[in-house]
Amino acid sequence: MTDTTLKATAAASGASATERFLTDKTGSPSRTADTARVNTLATAVITAVHDVIRTHRATYEEYNALKSWLISVGQDGEWPLFLDVWIEHVVEEVAAADRKGSKGTIEGPYYVPGAPALPGTAALPMRDGEPGTPLLFQGQVTSASGEPLPGALLEMWQADDDGLYAQFAPGIPEWNLRGTVVADDQGGFAVTTVQPAPYQIPTDGSCGRLVAAAGWHPWRPAHLHLKVSAPGHETLTTQLYFKGGAYVDDDVASAVKPELVLDPTPSAGGVAEVTYDFVLDKA
Ligand code: MBD
Ligand code: FE
């Protein structure tokens, strides 16, 4: 660990993720909600739960365990984590069914808008001696019809070599390993960063308790997060993984796709290099 005195806790990262969601993503659901649609979805969810109870002959003890666990998820601020780990991948699958350009995947709970702007060739903000294997990540952003997209934005965020995210774990500079890269006049980018470590769901909160109680594991494979955007095009939310890395074939969040796995080549000076191009659908 880079810092042994500060520990990431479920309650602290959960509170930050909940606050972040409430700030960025809560529109006015009541203004846009369609009664028939709410009826359809809410009835279907409730009926699915009834079916589970009947099929598995769930007991009062289990009902009360569920009730207390659901209460603790809220108390720990872990609704964003729970939903993004175990539910979001299916929402993304349905939303992206007709996409023709690059594959996307889930956003997860740790995106923060407004990361510092950087030129197309740049290093992500990092500490002196930032631990981890240096990585040169380069490529080009084009439209589905093949035209370069000059000035496309690549918002990037990632965990550090301890698997921790700035703004969701203590003791890390605010924008560490977070940046908004502005592609060059050919849509090109060449970003220097470090390879992230796998991410472990906090073990001291309600999601960690579920994982332990069910005999699952709490890990996501190492990944880079990106939102790639350009005027007139659909924003691509994606993640990139590392071939052969731990948990690439067993992501707790089910968010790996074969098209999203990088295979960097070691090159001079211990820097791993990889090229990955993005294709954006027209809006
Ligand atoms: C992460 O870093 C993440 O990307 C997801 C999807 C869920 C939890 C933590
Ligand atoms: Fe992540």
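Only heavy atoms go into these numbers, but all of them, side chains included; no hydrogens, no water, no symmetry mates. In what follows, residues are counted from 1 in the order of the sequence shown. Every number for a ligand or one of its atoms is a count from 1 in the order of the listing.
- In this structure, Glu19 places its CD atom where only 12 or fewer heavy-atom neighbours from other residues, nucleotides or ligands lie under 6.0 Å away.
- Among protein heavy atoms, atom 2 (O) of ligand 1 sits closest to Tyr165 OH, 2.9 Å.
- Close contacts between ligand 1 and His225 involve ligand atoms 2 (O), 4 (O) [criterion: under 4.0 Å to a heavy atom].
- In this pair, Tyr110 and Tyr165 present their aromatic rings tilted. The plane angle is within the 30 to 60° band.
- Between Trp157 and Phe168, the distance from one ring center to the other does not fall under 6.0 angstrom.
- Between Glu130 and Asp161, every side-chain heavy-atom pair lies at or beyond the 4.5 Å cut-off.
- A salt bridge links Glu92 and Lys257; the closest N-O separation between the charged side-chain nitrogens and carboxylate oxygens is under 4.0 Å.
- Ligand 1 has an N or O atom lying under 3.5 Å from an N or O atom of His223, backbone or side chain.
- Checked by atom type, the side-chain pair Asp51/Thr55 shows no donor-acceptor distance below 3.5 Å.
- Restricting His223 to its N/O/S atoms, the shortest distance to the Fe ion (ligand 2) is reached by NE2.
- For atom 9 (C) of ligand 1, the closest heavy atom belonging to the protein is Tyr199 CE2, 3.2 Å.
- Not a single heavy atom of Glu88 lies less than 4.0 angstrom from ligand 1.
- Look at Tyr165 and the Fe ion (ligand 2): an N/O/S atom of the residue is under 2.8 Å from the metal.
- The shortest contact between atom 6 (C) of ligand 1 and any protein heavy atom is with Ile106 CD1, 3.3 Å.
- Among protein heavy atoms, atom 7 (C) of ligand 1 sits closest to Pro109 CD, 3.4 Å.
- With a heavy-atom cut-off of 4.0 Å, Ala159 does not touch ligand 1 at all.
- Here the heavy atom of the protein found nearest to atom 3 (C) of ligand 1 is Arg220 NH1, 3.5 Å.
- Applying the 6.0 Å contact sphere to NZ of Lys103 captures no more than 12 heavy atoms from other residues, nucleotides or ligands.
- Taking every heavy atom of Val85 and a limit of under 4.0 angstrom, the matching atoms of ligand 1 come to 7 (C), 8 (C).
- Protein heavy atom at the shortest distance from atom 8 (C) of ligand 1 is Leu81 CD1, 3.5 Å.
- For the atom pair Glu147 CD and Leu149 CG, the distance stands at 7.5 Å (nearest 0.5 Å).
- In this structure, Tyr199 is not a member of the same hydrophobic cluster as Leu224, with clusters built from ILVMFWY side-chain heavy atoms closer than 4.5 Å.
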